[in-house]
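Following: one structure in structure tokens, then a few remarks.
Both backbone and side-chain heavy atoms feed into the values below; hydrogens, waters and symmetry mates do not.
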Amino acid sequence: MKPTPSQRRRGPRVALLALFLCSLLVPLAFIFDRAPSGYATTEDRRRQEVFLPSVHPVEQIGGGGGAVHRVPVHGARQDPPKKVSNGSTGVLQHHNHTEHHSSGVSAKPKVLPVPRTEPPKAVKEPTQIEVGEERKRRDKGAKEDEMENAKACQLEFGSYCLWSTEHKVIMKDLIVKRLKDQLFVARSYYPSIAKLQGQEVLTQDMKQNIQDHERILSASAVDADLPSSINTKIEQMEHTIARAKACTVECHNVARKLRQILDMTDDEAHFHMKQSAFLYNLGAQTLPKTHHCFSMRLTLEYFKSPSLDSDVSLLRKVNTPNHRHYVILSKNVLAASVVINSTVISSKEPGNNVFHILTDAQNFYGMKYWFARNSYNKAAIDVVNYEEMVLKKLPKLSTHELYLSEEFRVLIRSNERPTEQTRMEYLSLFSHSHFFIPEIFKDLKKVVVLDDDVVIQRDLSFLWNLDMGDKVNGAVEFCGVRLGQVRNLLGKAKYDPKSCAWMSGVNVINLDKWRKHKVTENYLMLLKQVKIKDEVALREAAFSISLLSFQHLIYPLDERLTLSGLGYDYGIDPEVARSSASLHYNGNMKPWLELGILEYKKYWRRFLTREDRFMDECNANP
């Protein structure tokens, strides 16, 4: 049955009436708090917008995933938080949630009071005592870190660390430093900014600024080399960094990038330190160009000059046991000259001294010419070509090369005070060549062996009056190292673990007792037990073999006889240095090198021959 026209007109009328009633009831429901769950009133939204800006400047936003932080730039304008579709703000969505009512029970909403604009309360300042204690703790931590770094540096690079600390150059180019700091920060933010959508312009600006800074720093190491437009570049980079900091970035990404840059910087610094340490060691082990020139000029003059007549009375002393005989192993003319000159000047009976200089074939003629044309207060000088002499007397030896005293860097850790800084010492010992002195000087009974980096400041004649009993080697003991501490280097040989190490520099050698105890034979026997592949292995073996060869044969000399460490220790008391009988420049910083410690060079230069035309021509005068 089809509806009548009156029935068709009644339908729209009912629908319009229903809509009219709903339009009246819904607002009434909101008025009487009958709204369904999930709606937020205008008052609720207003309260969120009022209280959220009072949050701490470092704000955590976002929900379930990794925490994201925004660190606003101080002094920069911050945009108000944007509204999202659910009626809350885009900041701290999981904080300050509005309480909604899901039940149908009527209840009035809690109206929070409008916050009063009172001045912030004054924060209690820490007392002076608290600040002082905090500073002490900070300084103590920094000192401990510095000690640990010093230990690690000395373990790897030795005395270079001491030298680099003393010659550390403080960076005065503040603009260059600021450019590097800006580049460091920009690089850390760039990867995070590049991932943000809508920040293409900022990404491009940051990339361009980074490239500009890198180009400037590659061409300019000091402020004076910077271009005139540098202030504009700095301002542009500062503005770009401020824009980057104002963006919402993931902190762990920035932190990771910062760590990567820091690790790369540490690696680069360590690489440059290795390079610098290599050059330092090269400079320490290489004869200066001026000294090489001086030695070559003397050698040339020796062959150009007629035969040098030596004083017959002086030559008679050379093989006479009644005189005081000194043996010096050296390849350095000036170093040997200073040792002899200082000994003669300090001696009460200089005419009773005889000096035997063992040198190599390269420096033999230069040495011979120098000591033939210079007199040393009636002291006799005997220059010996060690290589030729050993080849003649000991032809079966595997090597006839001259080796000077071997120096070993030792790091000593205190068991009594573990917190103390590790102490570094340079221990000098006899080399391979020292063990053939009795074979070269068969007519002599007692000699004093001097290293060529020694300066004598007192008369040493009392050393010939020492009653050493059955001992062979009179030396200053170094009980900072005992044989038991270096057992891994001594192999299977028998030794007394409590026996102290000893130092070369000034050594009294009883040659008769040496021959009686067959020290040279024992040395060669120990040498056969060590696998000697090359020269380096031979020199390294000197540490263990020298200590074992003279075990129970050391006569301890007074430690005040020799002050050691002038080649690496910056902390020696000048008064102690002036009052010591002899000074030993053991270590890498020899007094004739540019690397030498300036404060100690004056004791060496005092005994250096000054007025010589060859020294002036080669600029060998320090």
Side-chain angles (χ1 to χ4, degrees), residues 69 71-76 142 145-146 149-150 152-153 156-157 160-196 199-283 594-595:
H69 291 75
V71 184
V73 181
H74 295 288
D145 291 343
E146 186 177 348
N149 292 335
C153 183
E156 185 172 3
F157 300 117
Y160 163 75
C161 302
L162 304 176
W163 178 85
S164 61
T165 301
E166 288 293 323
H167 295 81
K168 186 177 181 179
V169 179
I170 300 175
M171 187 173 185
K172 298 179 180 179
D173 301 286
L174 299 180
I175 300 178
V176 171
K177 185 177 183 299
R178 187 178 178 187
L179 288 171
K180 291 180 178 180
D181 291 343
Q182 285 185 333
L183 186 59
F184 190 92
V185 176
R187 283 173 172 171
S188 64
Y189 270 92
Y190 177 74
S192 298
I193 297 297
K195 294 178 182 178
L196 296 179
Q199 298 293 343
E200 290 77 11
V201 176
L202 176 58
T203 302
Q204 186 61 34
D205 291 345
M206 183 168 281
K207 181 180 179 181
Q208 184 63 45
N209 286 329
I210 290 174
Q211 291 176 348
D212 290 343
H213 270 49
E214 290 175 341
R215 186 163 50 250
I216 291 171
L217 289 173
S218 64
S220 307
V222 295
D223 288 355
D225 297 337
L226 294 171
S228 57
S229 60
I230 190 60
N231 290 331
T232 304
K233 297 292 184 183
I234 291 176
E235 291 176 2
Q236 290 176 352
M237 178 63 92
E238 196 70 36
H239 179 64
T240 303
I241 292 174
R243 289 163 58 195
K245 287 183 176 181
C247 293
T248 301
V249 295
E250 295 186 2
C251 279
H252 66 276
N253 288 339
V254 177
R256 185 171 65 249
K257 187 61 180 179
L258 282 170
R259 282 194 295 269
Q260 288 177 355
I261 297 174
L262 182 61
D263 291 341
M264 289 174 60
T265 305
D266 287 342
D267 292 343
E268 186 177 357
H270 188 262
F271 171 76
H272 288 300
M273 185 178 287
K274 286 179 68 175
Q275 281 189 324
S276 188
F278 171 78
L279 295 175
Y280 165 84
N281 288 317
L282 185 64
E594 188 177 347
L595 296 172

Side chain to side chain contact (heavy atoms under 4.5 Å, CB included) between S164 and M273, intermediate numbers included: CA-CA 10 Å; S164 61; M273 185 178 287; over 6 Å; no
For V176 and D225, run side chain to side chain contact (heavy atoms under 4.5 Å, CB included): C-alpha distance rounded to whole Å, both residues' side-chain angles, the deciding distance at 0.1 Å, then the answer. CA-CA 10 Å; V176 171; D225 297 337; over 6 Å; no
Heavy atoms from other residues, nucleotides or ligands near CZ of F184 exceed 12 (cutoff 6.0 Å):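 Count over threshold, so yes.
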Please check if atom CD in E594 has more than 12 non-hydrogen atoms from other residues, nucleotides or ligands closer than 6.0 Å.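 Result for CD/E594: open.
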Might you point out which heavy atoms bring [X] and [Y] nearest each other, and give the distance in Å?
X	Y	result
A221	D173	O-OD2, 4.3 Å
S188	I261	N-CD1, 3.7 Å
V185	K245	CG1-CE, 4.4 Å
A194	T203	CA-OG1, 3.6 Å
G283	L595	C-CD1, 4.0 Å
A186	M206	O-SD, 3.8 Å

Please round to the nearest 0.5 Å and tell me the distance separating atom NZ of K207 and atom CD1 of I210.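 It is 10.0 Å, given to the nearest 0.5 Å.
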For the CG atom of N209 and the CG atom of D205, what is their distance to the nearest 0.5 Å?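 Rounded to the nearest 0.5 Å, the CG-CG separation comes to 6.5 Å.
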Side chains of [X] and [Y], heavy atoms from C-beta outward: is any pair under 4.5 Å?
X	Y	value
M264	E268	no
Y160	N281	no
Y190	K257	no
I234	I175	yes
L179	L226	yes

Please name all residues satisfying salt bridge (charged side-chain N to carboxylate O under 4.0 Å, His left out) with D223, sequence neighbours left out, ordered by chain then number.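 D223 satisfies salt bridge (charged side-chain N to carboxylate O under 4.0 Å, His left out) with no other residue.
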Go through the structure and list residues passing salt bridge (charged side-chain N to carboxylate O under 4.0 Å, His left out) with R256, not counting sequence neighbours.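 None.
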Side chain to side chain contact (heavy atoms under 4.5 Å, CB included) evaluation trace for E235 with H239: CA-CA 6 Å; E235 291 176 2; H239 179 64; over 6 Å; no
Check each of E214, H213, Q182, Q260 against R187 using the side-chain hydrogen bond (donor to acceptor under 3.5 Å, both in side chains) test, and report the only one that passes.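 Exactly one candidate clears the test, E214.
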With side chain to side chain contact (heavy atoms under 4.5 Å, CB included) as the criterion, how do L196 and L202 come out once you've worked through the C-alpha distance, each side chain's angles and the decisive distance to 0.1 Å? CA-CA 10 Å; L196 296 179; L202 176 58; over 6 Å; no
Using a strict threshold of under 4.0 Å (side-chain N to carboxylate O), is an ion pair present between K177 and D181?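 Salt bridge between D181 and K177, a charged N being under 4.0 Å from a carboxylate O: yes.
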Would you say S220's side chain and L217's backbone share a donor-acceptor pair under 3.5 angstrom?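 No: the side chain of S220 does not pair with the backbone of L217.
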Can D212 and Q208 be counted as having a side-chain donor-acceptor contact under 3.5 angstrom?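 Yes.
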